[in-house]
Amino acid sequence: MQNFSGVPFKAETAHGFTSVNGIAKFSPAGIVLEFESKVLGLVSTGVKEERLPIDELLDVKFKKGMMRRSAKIQIRLKSVTRMSALPSDDGKLTLKIGLDDLERARDAVERLQSDMAEHTANLPPPSPPPRSLFDKSEDETQELNEEER
């Protein structure tokens with residue numbers, strides 16, 4: 001049984017020198033990107049795989065294009081460091097989706113957003129800072145004089 005939705009995509013780097021073709025695999029665990037980059041559309045840098053666990057995703061959005069001819073999936077991560085290995089622009093990874101894959105992409109993003117909400121709801125509450133564990137009674141403590149020591 002297949003536990004992910006595969007969506008073909010295209011992307012470009014910020015300066016447009018590198019084009020990217022690949023498949024984004026959406027699952028309850030996160031997103032796996034398999035892609036090939038080509039510099040100036042000629043020289044391949046090889047096929048790469050990047051895993052984006054659900055804990056590292058800040059948000060994922062599906063955006064329709066003009067006249068329903070295309071769409072985009074925008075992915076933002078919680079860490080800028082992880083974005084350096086991906087074809088990102090302004091802190092966002094933008095996956096361009098073709099006309100044939102619009103419905104598949106929309107469904108995959110909706111399922112992932114639901115999985116992200118469920119994951120967040122199941123996280124334990126944040127722990128209080130250590131200083132809040134101590135009461136203020138020590139603020140009233142006074143230093144001993146030389147005679148009292």
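Excluded from the calculations below are hydrogen atoms, water molecules and symmetry mates; all remaining heavy atoms, backbone and side chain alike, are included. Please read these numbers as outputs of a predicted model, since none were measured by experiment. Residue numbers start at 1 and run along the sequence shown.
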Trainee: Are side-chain heavy atoms of Leu57 and Leu77 found at a separation under 4.5 Å?
Mentor: yes

Trainee: Any side-chain heavy atom of Gln74 within less than 4.5 Å of one from Lys92?
Mentor: yes

Trainee: Does a side-chain heavy-atom distance below 4.5 Å link Phe9 with Val20?
Mentor: yes

Trainee: Using side-chain heavy atoms (C-beta onward) and a distance below 4.5 Å, is Val109 in contact with Val7?
Mentor: no

Trainee: Taking only Lys NZ, Arg NE, NH1 and NH2, and the carboxylate oxygens of Asp or Glu, determine whether Lys25 and Glu34 approach each other closer than 4.0 Å.
Mentor: yes

Trainee: Might you point out which heavy atoms bring Pro28 and Ile54 nearest each other, and give the distance in Å?
Mentor: O-CD1, 3.5 Å

Trainee: Looking only at non-hydrogen atoms, find the nearest pair between Ser70 and Leu102 and report the distance.
Mentor: C-CD2, 3.7 Å

Trainee: To the nearest 0.5 Å, what is the distance between NZ on Lys63 and OG1 on Thr94?
Mentor: 8.5 Å

Trainee: Taking all heavy atoms of Gln113 and all of Val60, pick out the closest pair and write down the distance.
Mentor: NE2-O, 2.6 Å

Trainee: Got a salt bridge between Glu49 and Arg51, using NZ or NE/NH1/NH2 to carboxylate O under 4.0 Å?
Mentor: yes

Trainee: I'd like to know if Arg104 and Asp101 make a salt bridge, using a cut-off of under 4.0 Å between side-chain N and carboxylate O.
Mentor: yes

Trainee: Identify the heavy atoms of Pro8 and Ile97 that sit nearest to each other, and give their distance.
Mentor: O-CD1, 3.7 Å

Trainee: Please report the closest heavy-atom contact between Gly6 and Ile23, naming both atoms and the distance.
Mentor: CA-CG2, 4.1 Å

Trainee: Considering residues, nucleotides and ligands other than Glu118, do more than 12 of their heavy atoms fall under 6.0 Å from its CD?
Mentor: no

Trainee: Please round to the nearest 0.5 Å and tell me the distance separating atom CD1 of Ile75 and atom CG of Leu112.
Mentor: 8.0 Å

Trainee: Which atoms form the tightest heavy-atom contact between Arg76 and Asp59, and what is the distance?
Mentor: NH2-OD2, 2.6 Å

Trainee: Distance check, rounded to the nearest 0.5 Å: Phe62 atom CZ versus Ile73 atom CD1?
Mentor: 7.0 Å

Trainee: Just do the side chain to side chain contact (heavy atoms under 4.5 Å, CB included) check on Asn21 and Glu36 with the steps written out, would you?
Mentor: CA-CA 6 Å; Asn21 291 318; Glu36 178 182 28; 5.6 Å; no

Trainee: Taking Thr120 for its side chain and Met116 for its backbone only, find out whether a donor-acceptor pair lies under 3.5 Å.
Mentor: yes

Trainee: Any heavy-atom pair between the side chains of Ile31 and Glu50 that's under 4.5 Å?
Mentor: no

Trainee: What I'd like to find out is whether the side chain of Lys96 reaches to under 4.5 Å of the side chain of Glu12, using heavy atoms alone.
Mentor: yes

